[in-house]
Amino acid sequence: MLHIEFLTDLGARVTVDFERPEQLLDIQRRYGRLGWTSGEVPAGGYSFPLDNEADFDWSLIGARKWTNPEGEEMVIHRGLSYRRRELEAVDSRKMKLPRAVKYSRGARPTDPEHLREKADGEIEYVTLAIFRGGKRQDRYAAPSTPATGPASTGTPAAARPAAAARPAPRPASPAAPAPESTPEEDMPF
Amino acid sequence: MLHIEFLTDLGARVTVDFERPEQLLDIQRRYGRLGWTSGEVPAGGYSFPLDNEADFDWSLIGARKWTNPEGEEMVIHRGLSYRRRELEAVDSRKMKLPRAVKYSRGARPTDPEHLREKADGEIEYVTLAIFRGGKRQDRYAAPSTPATGPASTGTPAAARPAAAARPAPRPASPAAPAPESTPEEDMPF
Amino acid sequence: MLHIEFLTDLGARVTVDFERPEQLLDIQRRYGRLGWTSGEVPAGGYSFPLDNEADFDWSLIGARKWTNPEGEEMVIHRGLSYRRRELEAVDSRKMKLPRAVKYSRGARPTDPEHLREKADGEIEYVTLAIFRGGKRQDRYAAPSTPATGPASTGTPAAARPAAAARPAPRPASPAAPAPESTPEEDMPF
Amino acid sequence: MLHIEFLTDLGARVTVDFERPEQLLDIQRRYGRLGWTSGEVPAGGYSFPLDNEADFDWSLIGARKWTNPEGEEMVIHRGLSYRRRELEAVDSRKMKLPRAVKYSRGARPTDPEHLREKADGEIEYVTLAIFRGGKRQDRYAAPSTPATGPASTGTPAAARPAAAARPAPRPASPAAPAPESTPEEDMPF
Amino acid sequence: MLHIEFLTDLGARVTVDFERPEQLLDIQRRYGRLGWTSGEVPAGGYSFPLDNEADFDWSLIGARKWTNPEGEEMVIHRGLSYRRRELEAVDSRKMKLPRAVKYSRGARPTDPEHLREKADGEIEYVTLAIFRGGKRQDRYAAPSTPATGPASTGTPAAARPAAAARPAPRPASPAAPAPESTPEEDMPF
């Protein structure tokens with residue numbers, strides 16, 4: 001038997017039992033769709049391969065995609081909105097970094113010190129996830145939905161949208177409840 | 001099997017087992033009526049839709065409503081009183097925020113730094129919950145009681161008071177014990 | 001099934017299972033007599049009704065009464081001694097507080113910042129419990145012992161010594177082991 | 001059923017189930033011999049009666065005795081060495097303290113602030129345990145071994161070496177593995 | 001029954017049940033190969049005997065070896081790279097230390113204060129593990145693989161590569177998934 005500890009959408013500490021290690025990601029998807037999270041966002045944010053960005057299953061970390069009224073792609077996690085930013089590759093004498101996609105928000109006064117990152121000037125921000133380099137992991141992909149094409153016959157767990165084509169924002173599914181509150185916009189930076 | 005971790009009204013760490021995910025909110029209501037809480041108040045307070053404010057079931061977070069000797073509506077949570085404040089909508093060039101209702105108290109010397117919010121001047125406060133925007137979630141409503149009308153025949157868990165009409169303060173039920181201590185008044189601000 | 005997490009008298013983390021919510025206080029009494037505690041002392045101390053002070057069952061929070069060589073009433077909790085102080089009612093224009101009884105000790109260099117309270121001058125202290133206002137809760141009373149009167153025939157859990165008469169210090173029972181060390185006296189303040 | 005949480009010698013978080021409260025100290029001895037600890041060292045160190053010092057069973061707290069190359073008596077706990085010091089009784093107008101034995105080490109840069117104690121000058125130290133006053137508790141005694149005398153016939157759990165005679169350092173038993181690393185010497189102070 | 005708490009490669013808190021204490025290291029190896037860790041890296045890093053360095057099984061702490069594009073030997077732990085450094089023996093009047101091997105990285109702005117160590121100048125670093133002195137523990141050795149020699153017939157748990165010969169970097173096994181992201185290089189120091 002295994003057990004996973006969640007923080008529910010209401011902030012309660014709830015543990016869920018399950019039978020086999022192989023069920024873990026499905027359990028995380030199922031409860032993550034409700035906004036439940038397990039563990040803390042690591043300092044500097046979750047780190048995933050860049051090739052997982054296009055169809056990343058945000059329910060794995062209790063988050064979900066959202067397009068704000070201005071048409072920007074955001075991700076909501078524990079009631080806060082993170083904005084998508086593309087980072088160019090860096091190739092200087094001091095540092096070599098491949099290009100990346102980062103989801104971050106402006107820091108709030110109540111954020112703990114060790115999560116705040118300094119950007120240019122005085123602005124501080126907090127990163128939810130960064131997608132950079134690495135090798136695609138199919139297990140992180142969102143299950144394909146009927147909307148992605150009539151020919152999809154794979155089981156949800158095995159289905160894999162083509163990574164090259166950026167899928168349209170996934171329509172809200174009946175299983176994915178509306179957010180509990182208007183997500184707070186982060187300040188632009 | 002699932003398990004929820006509580007801090008009891010006496011501050012003890014107690015875990016309660018339950019069988020199905022659907023039972024979670026009922027479990028939280030049942031023990032919340034005793035003043036038990038699960039998890040921490042999030043930095044900035046719990047966030048709920050504005051349309052849930054009128055009949056919000058405070059037992060879900062281990063709190064309860066209370067009218068103080070001056071006739072003000074308060075909420076008691078872990079022995080501390082929070083005052084209800086209505087926040088007007090903000091519509092400036094810098095910020096757009098819909099109107100909200102906030103339950104907050106003056107900060108105490110022993111409050112941790114990351115929960116203190118700065119208001120005008122030198123006053124600091126701590127927020128228990130903010131109700132703003134969003135879409136009403138029936139599952140957060142207090143079960144209707146016989147006092148709300150003779151026609152109520154639903155089971156407590158399913159019953160839903162009309163959201164439009166602000167219900168009279170719920171009379172103390174036999175299941176809801178008196179607070180363990182005189183709630184400390186927060187300083188006005 | 002329920003589970004309560006304790007810190008034993010030796011500082012070990014031990015969880016005890018039990019069957020029904022109604023057993024909780026008895027479990028806390030049973031292990032509290034050994035000096036086991038569950039959860040942390042809340043910032044500012046535990047808060048109880050004043051009418052519970054006379055016959056409060058200190059084993060509920062893993063503490064016990066003790067009369068020091070100078071004949072002062074003390075309470076020992078996790079190896080530290082707290083002194084009983086009576087606080088007069090405050091009735092000024094700024095603050096109204098009913099009279100109270102407080103158990104506190106001088107702060108030690110190793111106490112965390114959020115537990116230290118400032119008194120007059122430079123002295124800092126830490127509060128274990130404050131008894132003020134509220135309505136007596138019989139469930140917090142120490143079970144009556146033969147020493148409190150020959151007529152007592154109630155079961156320990158239901159028995160209630162008269163709250164008006166301050167009972168003599170309870171004699172050490174065979175189930176209540178001697179403290180593991182000489183309690184350190186707190187500095188007077 | 002009861003459960004005790006350990007930090008293993010490798011730093012892993014492992015919980016062990018057991019049946020009866022009476023088994024607790026034996027469980028702590030068994031795993032403590034492997035260097036497993038439960039809970040944190042309290043601020044200011046563990047506190048035990050002075051009469052328990054001579055034959056204290058260090059495995060109860062996951063520590064073990066060790067004589068360094070200079071012939072000094074040390075105690076190793078979580079890879080760090082603590083040196084034995086005898087403290088004279090204090091009998092001034094300001095303070096009265098009976099004589100004590102203390103196991104402490106010099107503070108390391110990575111020790112958390114609340115564990116550091118100031119000594120004379122600028123030196124800071126950290127205490128593992130202090131033995132002072134109190135009444136001897138047989139349950140803390142190391143089980144006697146054949147080496148302590150041919151007449152010992154008690155069961156290990158009940159056996160009690162004479163407290164008056166300081167026993168020779170207990171030879172490493174087959175069940176007590178060698179330390180995982182050369183213990184770091186603390187600076188003298 | 002025993003239970004071990006892990007932080008998964010995705011940062012989730014998952015507990016795994018097992019039957020016997022003897023299974024512990026195998027459980028840690030099995031899940032450690034997936035990048036799961038249990039407990040925190042101790043302040044100052046894990047401490048192991050020097051003779052365990054050559055064939056240390058990094059999966060025991062959820063880490064794995066990796067040779068960077070420049071041909072340097074690194075260890076990856078929770079997405080961060082640590083570089084291997086050999087420390088000469090110190091034999092001054094003030095300090096005597098045998099030679100050691102250390103795996104460390106430059107400190108990041110988000111590292112907590114108590115993990116940062118000061119080196120010469122202003123550079124701070126964080127240590128994952130130090131191998132120094134002590135007596136080899138076979139239980140920490142990586143199971144031998146067919147690649148280490150045709151004569152190996154021991155069971156994986158018992159097998160022990162010769163400690164004298166530094167084995168070639170272990171080829172990625174099918175059970176050891178690729179890292180989730182390009183490991184961030186630490187700054188040289």
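Proteins get letters first, then strands, A, B, ... in listed order; numbering begins at 1 in each. Any value given below was found using the heavy atoms of this structure, including those in side chains, with hydrogens, waters and symmetry copies removed.
Qualifying salt bridge (Lys or Arg N to Asp or Glu O under 4.0 Å) partners for C:Glu19, counting only residues two or more places apart in sequence or in other chains: none. With sequence neighbours excluded, no residue satisfies salt bridge (Lys or Arg N to Asp or Glu O under 4.0 Å) with C:Arg93.
The distance from the NE2 atom of D:His3 to the CD atom of C:Glu5 is 10.0 Å, given to the nearest 0.5 Å.
A 4.5 Å side-chain heavy-atom check between C:Leu10 and D:Phe48 finds at least one atom pair inside the cut-off. C:Met1 is not listed as a side-chain neighbour of D:Met1, based on a closest heavy-atom distance of 4.5 Å or more.
Heavy atoms of D:Leu50 lying under 4.5 Å from chain C are absent altogether. Residue contact with chain C, scored on non-hydrogen atoms closer than 4.5 Å, involves the side chain of D:Phe18 exclusively. Using a 4.5 Å cut-off between heavy atoms, D:Ile130 makes no contact with chain C at all.
Ion pairing of C:Asp17 with D:Arg20 is absent here, as no side-chain N (NZ or NE/NH1/NH2) approaches a carboxylate O to less than 4.0 Å.
Counting heavy-atom neighbours within 6.0 Å of C:Glu88 CD, excluding the residue itself, gives a total of 12 or less. Within 6.0 Å of CD on D:Gln23 lie more than 12 heavy atoms contributed by other residues, nucleotides or ligands.
A distance-only check finds no donor-acceptor pair linking the side chain of C:Thr15 to the backbone of D:Leu2 [under 3.5 Å].
Among D:Ser38, D:Pro21, D:Pro42, D:Gly39, the residue with the largest count of heavy-atom pairs under 4.5 Å with chain C is D:Ser38.
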